[in-house]
2 protein chains.
Amino acid sequence: MGIKISESRKREIIQGFYQLSKVNGLENTSIAKIGKHLGMPPSLVMHYFPTREILISNLISYILQQMLLIYQPMLKELEIQNYADPHTFVNRLFSRDWNLLLDDGVFYSCYSLIFRNKRIKDEYRVLHEKLREYLKDILDRDENLIGKDTELLSEQIFVVVEGAYYYLSMFDDPEVYEQKVTIFKNQVYDLLRKYEVQHL
Amino acid sequence: MGIKISESRKREIIQGFYQLSKVNGLENTSIAKIGKHLGMPPSLVMHYFPTREILISNLISYILQQMLLIYQPMLKELEIQNYADPHTFVNRLFSRDWNLLLDDGVFYSCYSLIFRNKRIKDEYRVLHEKLREYLKDILDRDENLIGKDTELLSEQIFVVVEGAYYYLSMFDDPEVYEQKVTIFKNQVYDLLRKYEVQHL
DNA sequence: TATAATATTGAATGAACGTTCAATTTATGA
DNA sequence: TCATAAATTGAACGTTCATTCAATATTATA
């Protein structure tokens, strides 16, 4: 049970790191601040994460895990029913449920580290490839898409989703935001339709 | 001429800031380091940019200006000939000439600040809206697209471009990179074709 | 219960941080 | 040329940073 304490402490620290980064930014969240926030001396933080670099590396793993978590319910559904409606999946992709599980500010701060850290870049890439494979799995079980290049379609759908997230983050006005979401959602539906039509 | 020295010094400092951020990251580039790199005391840096916040704010303006600069040649062409080929424009959008004028790491580091700074967010949004208007201008002068919703088309093209940039940054292998660029380029061409076809 | 491993504390380190300020040099305009 | 303004210097400020370490408390194991 000794190792359990260690693990739960680690988790506690990473979550504290994440919470403070959400408010003050990743670059303004120091080890001392994390300790203070959790009521422990900074030396205890460093006992579990010997350097700041390691701490950040673990935060990134946590964030990417959170991202996978968002897809979990849909993948469970796929497994049980052996089918999931692509349109519903796309709809969920564009829903703002994300923000409950993952803060965009922290996410993009971590993303910007891929340009100077190969390991982080690889971790991000693997995660994004995984997401595309999930979508491919869903598309492969749709009878309208049998024999189609679902890998390509999945790639094309996700690039719209990711571009949309990037761009939409600049808009605060809910009305404008919704209007633009609709545009990009339709853009993805058009992609799906295009592939389906070719089949007929 | 007094004000000229001041302005060129400011430019020198911002460019030094940018250069160091490219190598060490925005968050690791201090005022002291910028001064050292340029052979001036940190107090001189602060004479021109009273706080670090102001310094960052000016770096962001510089970066967004650089982004506009990339489009300059194409816009000149549009002005002179009163026409520019959309496909050529799209091709340029996907070219890696960007990296010579603007480092992706610095760009996304600054981007991540939009989530905690309203002014930065607004500046980013205005820039992105401007880019879309440029493309709309080009599309509007294409005879195949007369009467079409070029604003919508421009929005849909750019979201693919931006998603592609986000995603492609995770790939180092030039072969894989090129293969994926082709996919996304074709995705944009499909959008253009779709609108053109509807016209016939 | 004795022993070993783990968890936690608190004080201390030097380096780097952003920022201030008074003094000095250089350029400008009357 | 002289006065004024702008540009530049260098030393200093207190604060925060990541990190270290030896000492203590707690828990697990034998």
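Fair warning: this is a prediction, and the values are worked out from it, not measured in the lab. Lettering follows sequence order; numbering is per chain, from 1.
- The shortest heavy-atom contact between B:Q187 and A:V159 is OE1-CG1, 3.5 Å.
- Considering only side-chain atoms of A:R52, the nucleotide from C:dT9, D:dT19, D:dT9 that sits closest is D:dT19.
- Which of D:dC17, D:dT19, C:dA7 sits closest to the side chain of A:M46 comes down to D:dT19.
- Centroid-to-centroid, the aromatic rings of A:F171 and B:H128 stay 6.0 Å apart or farther.
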Strictly under 4.0 angstrom, non-hydrogen atoms only: write out the protein contact profile of nucleotides 11-16 of chain C, one letter per nucleotide from the 5' end, B, S or -. ------
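- Phosphate proximity of D:dT8 to B:R9: present, with a side-chain N or O under 4.0 Å from OP1 or OP2.
- The phosphate of C:dT8 has OP1 or OP2 within less than 4.0 Å of a side-chain N or O from A:Y48.
- Between the side chain of A:R52 and the main chain of A:I31, no donor-acceptor pair closer than 3.5 Å is present.
- For the pair B:L44 CG and C:dT26 P, the computed distance is 14 Å after rounding to whole Å.
- A heavy-atom distance below 4.0 Å to DNA chain D is reached by none of the residues of residues 12-23 of chain A.
- Here the rule is ring pair (Phe, Tyr, Trp, His ring centres under 6.0 Å) with A:F107, and of A:Y18, A:Y62, A:Y165, A:Y124 only A:Y124 fits it.
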Stepwise side-chain hydrogen bond (donor to acceptor under 3.5 Å, both in side chains) check, A:N91 with A:K185: CA-CA 7 Å; A:N91 243 323; A:K185 226 187 267 185; 2.9 Å; yes
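- At a threshold of 4.0 angstrom between heavy atoms, the contacts of B:F49 with the nucleic acid are absent.
- Proximity of the aromatic rings of A:Y111 and B:Y108 is defined here by a centroid distance below 6.0 angstrom, and this criterion is met.
- Residue B:H47 places its side chain closer to D:dT8 than to any other of C:dA7, D:dT8, C:dT9.
- Put simply, the side chain of B:T88 never gets that close to the backbone of B:A84: no donor and acceptor are under 3.5 Å apart.
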